[in-house]
Number of protein chains: 2
Amino acid sequence: MSGTRSFDTCASIVTPGKTPPHISALLEGWAGRYKILRNGARQITALYLPGDFIDLHSFLPTKTDDGVIAFSGCKTAQVSHESLQQITETEPRLTRLLWRSTLAAAATHREWLTIMGQMSAGAGTAHLICELYTRLKAVRLADNHRFCCPITQLTLADTLGLSTVHLNRSIQALRAKNLIQWHRDKVTITDWDQLVDWGEFDPTYLQMNEPVG
Amino acid sequence: MSGTRSFDTCASIVTPGKTPPHISALLEGWAGRYKILRNGARQITALYLPGDFIDLHSFLPTKTDDGVIAFSGCKTAQVSHESLQQITETEPRLTRLLWRSTLAAAATHREWLTIMGQMSAGAGTAHLICELYTRLKAVRLADNHRFCCPITQLTLADTLGLSTVHLNRSIQALRAKNLIQWHRDKVTITDWDQLVDWGEFDPTYLQMNEPVG
DNA sequence: CGTCTGATTGATCGAATTCAACCTCCGTGG
DNA sequence: CCACGGAGGTTGAATTCGATCAATCAGACG
């Protein structure tokens, strides 16, 4: 263990190309993994919410050229690679639990691939909103179909592979259908069932509330 | 262990929604994980080549509603969940190795997200060709910038989130630039450097030739 | 107040889809 | 040995979705 660390909005949590000497879990705030292309385009490949592991990759000798950025003020807890290595030596149950969290992340990646490859902008937006609400609710940061979304439309657009303009219009279409309200950073889902239906959202892939093997 | 199993082209290796009682590795042939939407659209979320683990997910209590299909004649080797469980109890090194292979899969997912979200159809196609060649070469199934690609353009299109027509035109554009040749199922990369450049391909994410931790 | 960031709107452009046809190769059966 | 049929690949034309460019607007904050 090596305590906690705080990051301001837009601060870099993991610098692209560098492998940190520890893994971290997000305690507060929203963060995201991203990759930048030559032309400057940015793809967000993962959104991290409180409770998520950020860097479970790094303790195995995996190399990545992507980075992690804080989308709001963030706090993380670090665990050194040595400690984690120790856990894998002596705690098979816990190891499987950690492994399982990386599998859930991969399942989310596959879901996003499906969104980006096959769904319309509007349906994909609906799906992502459902996912965020479900994940936040699981860690008691949302309830009553309301949550606080501290990230900008630009970030969301880079997540869904859309332009800000088009994402904005997708959101407005959802508003026009009375599925959601979105004011400042407060999102309210006014018709959960329809939003789920429109986004073809099935929370199975998030692997919540499951017993540990 | 429980031996090997053979599948014809188009056979279902894992039926959507079912969790098999074992995990499998692909010994021969190409296969893929997919998800179908209500409107019938299909997204391929992973391509499995010989040597790849197909189902490492399933031995941890993870649920998925996606399936795995054989794109060509395939042969798989099965390992029961019990055996694998045993490995995680007594073989931390091997456990980390297996875990690491799931992390490499996740890294590939993130790369595909970037392709689909930010790259043009042509660049994404180039990238995928580079990835396939690199992976096949690592298992001695490709060399000299040539490989055998037993899957159809429809499958490739569903992988990249494109229509067959547009994928076809992207391929032809690569041909026109003299970057590749593609006849029947034989693909020849005639200008590797340019193809890599055009697709912004960096094989780091594939995690090959790395020491095991 | 000005200024800044993020959201919104309009107009135009281009990439990718869709629909429909046609071609090419190859296996099969008469 | 050749006609037939089917799967996969190729092409063209019309259309649609989403991107781009450029302004404008709304609220927060010093």
Side-chain angles (χ1 to χ4, degrees), chain A residues 8-10 30 37 39-44 69-73 115-129 148-176 180-188 198, chain B residues 8-10 30 37 39-44 69-73 115-129 148-176 180-188 198:
Chain A
D8 289 333
T9 302
C10 292
W30 290 30
L37 295 183
N39 67 357
R42 177 182 70 159
Q43 177 66 38
I44 310 287
I69 185 176
F71 292 134
S72 67
I115 290 175
M116 291 178 47
Q118 306 300 334
M119 292 176 64
S120 67
T125 305
H127 189 111
L128 184 57
I129 293 171
C148 178
C149 177
I151 64 180
T152 71
Q153 291 189 3
L154 171 61
T155 305
L156 243 16
D158 283 350
T159 303
L160 289 164
L162 300 172
S163 65
T164 46
V165 173
H166 199 57
L167 172 69
N168 182 272
R169 284 175 178 142
S170 300
I171 290 173
Q172 293 191 48
L174 294 176
R175 274 204 275 250
I180 63 167
Q181 286 174 239
W182 195 321
H183 183 260
R184 239 24 226 171
D185 58 354
K186 303 294 181 234
V187 180
T188 307
W198 175 228
Chain B
D8 289 333
T9 302
C10 292
W30 290 30
L37 295 183
N39 67 357
R42 177 182 70 159
Q43 177 66 38
I44 310 287
I69 185 175
F71 291 134
S72 66
I115 291 175
M116 291 178 48
Q118 307 300 334
M119 293 176 63
S120 68
T125 305
H127 190 110
L128 184 57
I129 292 171
C148 177
C149 177
I151 64 180
T152 71
Q153 290 190 3
L154 171 61
T155 305
L156 243 16
D158 284 350
T159 303
L160 289 163
L162 301 172
S163 65
T164 47
V165 172
H166 198 56
L167 173 68
N168 182 271
R169 285 175 177 142
S170 300
I171 290 172
Q172 294 191 46
L174 294 177
R175 274 204 276 249
I180 63 167
Q181 285 174 240
W182 195 321
H183 183 258
R184 244 19 229 171
D185 58 354
K186 302 291 181 241
V187 180
T188 306
W198 176 228

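Throughout, a chain's letter reflects where its sequence line sits, starting with A, and its residues are numbered from 1.
Shown here are the side-chain hydrogen bond (donor to acceptor under 3.5 Å, both in side chains) partners of A:T9, two or more places apart in sequence or in another chain: there are none. B:Q181 pairs by the side-chain hydrogen bond (donor to acceptor under 3.5 Å, both in side chains) definition with nothing, not counting sequence neighbours. Residues meeting the side-chain hydrogen bond (donor to acceptor under 3.5 Å, both in side chains) test with A:T155, sequence neighbours left out: A:T152.
Although no hydrogens or angles enter the test, the distance criterion places a donor-acceptor pair under 3.5 Å between the side chain of B:S72 and the main chain of B:W30.
Using a 4.0 Å cut-off on heavy atoms, the residues of residues 117-129 of chain A that approach DNA chain D are A:S120, A:A121, listed by number. Sorted by residue number, the members of residues 180-187 of chain B with any non-hydrogen atom under 4.0 Å from DNA chain C read B:R184. For the segment residues 148-158 of chain A, the set of residues with a heavy atom within less than 4.0 Å of an atom of DNA chain D is empty.
Nucleotides of DNA chain C that come within less than 4.0 Å of any heavy atom of chain B span, from the 5' end to the 3' end, C:dA16 to C:dC26. Here the range on DNA chain D touched by chain A, meaning any atom under 4.0 Å from one of its heavy atoms, is D:dG18 to D:dA28.
In this structure, B:R175 and B:I180 have side chains that are in contact, with non-hydrogen atoms separated by less than 4.5 Å. Within the 4.5 Å cutoff, the side chain of A:I129 has heavy atoms near those of the A:W182 side chain.
From A:N168, atom CG reaches atom CG of A:L154 across 12.0 Å, with rounding to the nearest 0.5 Å. We find the CD1-SG distance between B:I69 and B:C10 to be 5.0 Å, quoted to the nearest 0.5 Å. One finds the CG atom of A:L128 at 5.0 Å from the CG atom of A:L160 (value rounded to the nearest 0.5 Å). Rounded to the nearest 0.5 Å, atoms NE2 (B:H166) and CZ (B:R169) are 9.0 Å apart.
Residues B:C148 and B:K186 approach most closely at SG-NZ, 3.6 Å, considering heavy atoms. Nearest heavy-atom pair, A:L156 versus A:C149, reported as atom, atom and distance to 0.1 Å: CD2-SG, 4.5 Å. Minimum interatomic distance between A:I171 and A:Q153 (heavy atoms only, all atoms of both residues): CD1-NE2, 3.9 Å.
Under the salt bridge (Lys or Arg N to Asp or Glu O under 4.0 Å) criterion, no residue pair touches residues 116-126 of chain A, with sequence neighbours excluded.
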Validation: residues 118-126 of chain B side-chain donor-acceptor distances under 3.5 Å, sequence neighbours left out:
| unit_1 | atom_1 | unit_2 | atom_2 | d |
| --- | --- | --- | --- | --- |
| B:Q118 | NE2 | A:R42 | O | 2.9 |
| B:Q118 | NE2 | A:Q43 | OE1 | 2.8 |
| B:S120 | OG | B:A123 | N | 3.2 |
| B:T125 | OG1 | B:A121 | O | 2.7 |

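Taking five base pairs at each end of the helix from C:dC1-D:dG30 to C:dG30-D:dC1 and finding the rotation axis that steps the C1' atoms of four pairs onto the next four gives two axes whose angle is 30°, to the nearest 10°.
Using a 4.0 Å heavy-atom distance criterion, A:I171 is classed as making no nucleic acid contact.
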